[in-house]
Participant: 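Can you read through this structure? Questions will come right after.
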Amino acid sequence: MLKMSEFAKLTDEDNNNLKQNYIKKLDDRNFRELINTLNVDENLLMKYTSSLEESAKEFANCRKCPSRDKCKNEIKGYMYSPKVDDNKITFSYVACAYEEKHLRDIKYRENVLLFEVPKKISEASLKDLYKDDKNRTEIIKYFKKFTEGYGKEFIKGMYLYGSFGCGKTYLIAALFNEFAKKDIKSAIVYVPEFLRALKSSFGTNFEEKYDYIKKVPLLLLDDIGAENLTPWARDEILGTILQYRMDQNLPTFFTSNLSLKQIEEHFTVTSNGKETIKGRRIIERINFLSEEFELTSKNRRS
Ligand code: ADP
Ligand code: MG
């Protein structure tokens with residue numbers, strides 16, 4: 001690197017501003033320390049003063065940082081970092097050591113396929129559950145029984161119903177996360193969107209996804225009953241998935257705003273009119289696959 005005195009001699013009309021600006025920034029210790037790590041000629045450095053300044057700020061934050069949660073950088077867990085390449089400096093966001101550990105720690109979440117469910121649900125955890133609902137203990141007891149029995153015998157999933165926002169999806173997602181840690185795959189499928197997407201997608205790779213969902217070890221059909229139900233969706237899609245999972249003893253969970261009794265009507269009446277037997281058949285499959293629970297609690301959506 002050039003010494004300050006040599007550097008000063010390089011002044012030329014075009015570079016003057018760049019250089020002045022750069023020299024000013026050299027007063028900042030963090031800036032100096034950062035550029036010292038780069039080992040690059042100052043004529044090059046001064047073209048990147050503002051980006052380097054940004055990096056230096058983040059670099060200083062990182063040095064004092066006690067944990068990922070306390071990160072003060074622009075993008076949590078990442079540092080805006082310079083890289084010297086062929087007489088050029090490029091900048092990119094690089095994960096810090098805390099972030100790298102965090103990414104390793106949450107790797108298990110990849111075992112849960114989310115289909116049109118808010119990504120945030122993947123953070124659901126049994127140890128963070130609210131404990132203020134009357135019937136939550138009963139549900140947790142069932143989770144325990146399910147977890148202990150899984151793989152040894154067929155245990156029904158849950159048909160969990162209750163009002164909008166009371167935490168149904170969260171509960172099942174928390175259970176699936178526990179299984180994900182043991183490398184057992186699951187899927188959470190938002191049913192209304194799944195059926196809509198399926199309808200408009202034949203011939204695409206959607207069939208692969210459909211197949212995956214049908215066969216995945218643990219499945220949550222989320223918000224069943226909220227879909228716009230066609231006879232095709234009921235008989236060919238839902239009916240087929242449920243039948244397959246019954247035949248293969250694959251645990252299947254459901255959440256809904258409607259109780260099983262209420263949802264029977266929904267499955268009975270489609271554009272084909274009233275088809276009691278077809279509606280009944282779906283209910284019987286759900287009954288075979290799951291045990292009904294009501295969740296009563298206040299709305300948790302903020
Ligand atoms: P539902 O499926 O019954 O409509 P959700 O499971 O989507 O409700 O929950 C509503 C909101 O409350 C979500 O943002 C979810 O993350 C949050 N939530 C629900 N239960 C819990 C819980 N036990 N701990 C923390 N957050 C929760
Ligand atoms: Mg839900």
Side-chain angles (χ1 to χ4, degrees), residues 68-69 76 102 105-106 108-147 156-181 185-198 209 213 216 218-229 233 237-238 241-242 245 251-264 266-267 282-283 286 289-302:
R68 180 177 176 273
D69 285 346
K76 187 172 177 173
H102 173 71
D105 288 349
I106 62 167
Y108 71 87
R109 290 181 189 164
E110 289 167 11
N111 286 328
V112 188
L113 172 84
L114 300 180
F115 188 91
E116 298 291 328
V117 191
K119 185 99 188 35
K120 188 108 183 84
I121 205 77
S122 66
E123 293 167 21
S125 134
L126 281 184
K127 72 177 189 325
D128 294 337
L129 286 187
Y130 296 126
K131 305 217 164 46
D132 56 345
D133 314 302
K134 285 198 284 315
N135 48 357
R136 194 152 306 228
T137 0
E138 193 197 338
I139 291 167
I140 299 297
K141 226 190 260 165
Y142 196 80
F143 278 6
K144 197 158 177 276
K145 173 172 131 188
F146 183 84
T147 307
K156 290 181 174 201
M158 295 174 101
Y159 182 94
L160 189 58
Y161 75 97
S163 55
F164 174 81
C166 68
K168 304 180 292 296
T169 307
Y170 187 98
L171 267 169
I172 312 285
L175 177 70
F176 283 9
N177 267 341
E178 289 306 311
F179 279 88
K181 287 175 193 164
K185 306 243 188 278
S186 59
I188 303 179
V189 175
Y190 180 62
V191 174
E193 190 48 44
F194 177 67
L195 294 177
R196 231 187 335 260
L198 202 57
K209 214 170 229 179
I213 284 164
V216 72
L218 299 169
L219 174 65
L220 168 59
L221 291 171
D222 194 37
D223 242 336
I224 196 163
E227 69 282 356
N228 192 349
L229 197 70
I237 303 305
L238 281 177
I241 292 177
L242 299 182
R245 298 188 67 83
T252 308
F253 292 72
F254 306 83
T255 68
S256 182
N257 286 346
L258 306 172
S259 70
L260 266 178
K261 198 161 179 327
Q262 291 166 329
I263 211 174
E264 182 159 356
H266 169 77
F267 285 129
I282 296 286
I283 297 298
I286 295 179
L289 287 165
S290 65
E291 195 168 311
E292 187 177 22
F293 287 84
E294 185 181 7
L295 184 64
T296 42
S297 129
K298 60 176 198 268
N299 192 334
R300 309 217 179 264
R301 289 178 201 239
S302 37

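Order of appearance sets the numbers: ligands from 1, and atoms from 1 within every ligand. Numbering starts at 1 and runs along the sequence shown.
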Participant: Do any nitrogen or oxygen atoms of Ile121 come within less than 3.5 Å of a nitrogen or oxygen of ligand 1?
Facilitator: no
Participant: Could you tell me whether some N/O pair between Gly167 and ligand 1 is separated by less than 3.5 angstrom?
Facilitator: yes
Participant: Tell me whether the centres of the aromatic rings in Tyr108 and Phe179 are closer together than 6.0 Å.
Facilitator: no
Participant: Which residues pass the side-chain contact (heavy atoms from CB on, under 4.5 Å) test with Glu264, sequence neighbours left out?
Facilitator: Thr268, Arg280, Ile283
Participant: Using a strict threshold of under 4.0 Å (side-chain N to carboxylate O), is an ion pair present between Arg196 and Glu193?
Facilitator: yes
Participant: Under a 4.0 angstrom heavy-atom cut-off, which atoms of ligand 1 come close to Thr169?
Facilitator: 2 (O), 6 (O)
Participant: In this structure, is the centre-to-centre distance between the rings of Phe293 and Tyr142 below 6.0 Å?
Facilitator: yes
Participant: Taking 2.8 Å as the cut-off, does an N/O/S atom of Tyr170 lie below it from the Mg ion (ligand 2)?
Facilitator: no
Participant: Short N/O distance, under 3.5 Å, between Phe164 and ligand 1?
Facilitator: no
Participant: Tell me if the centroids of the rings in Phe253 and Phe176 come within less than 6.0 Å of each other.
Facilitator: yes
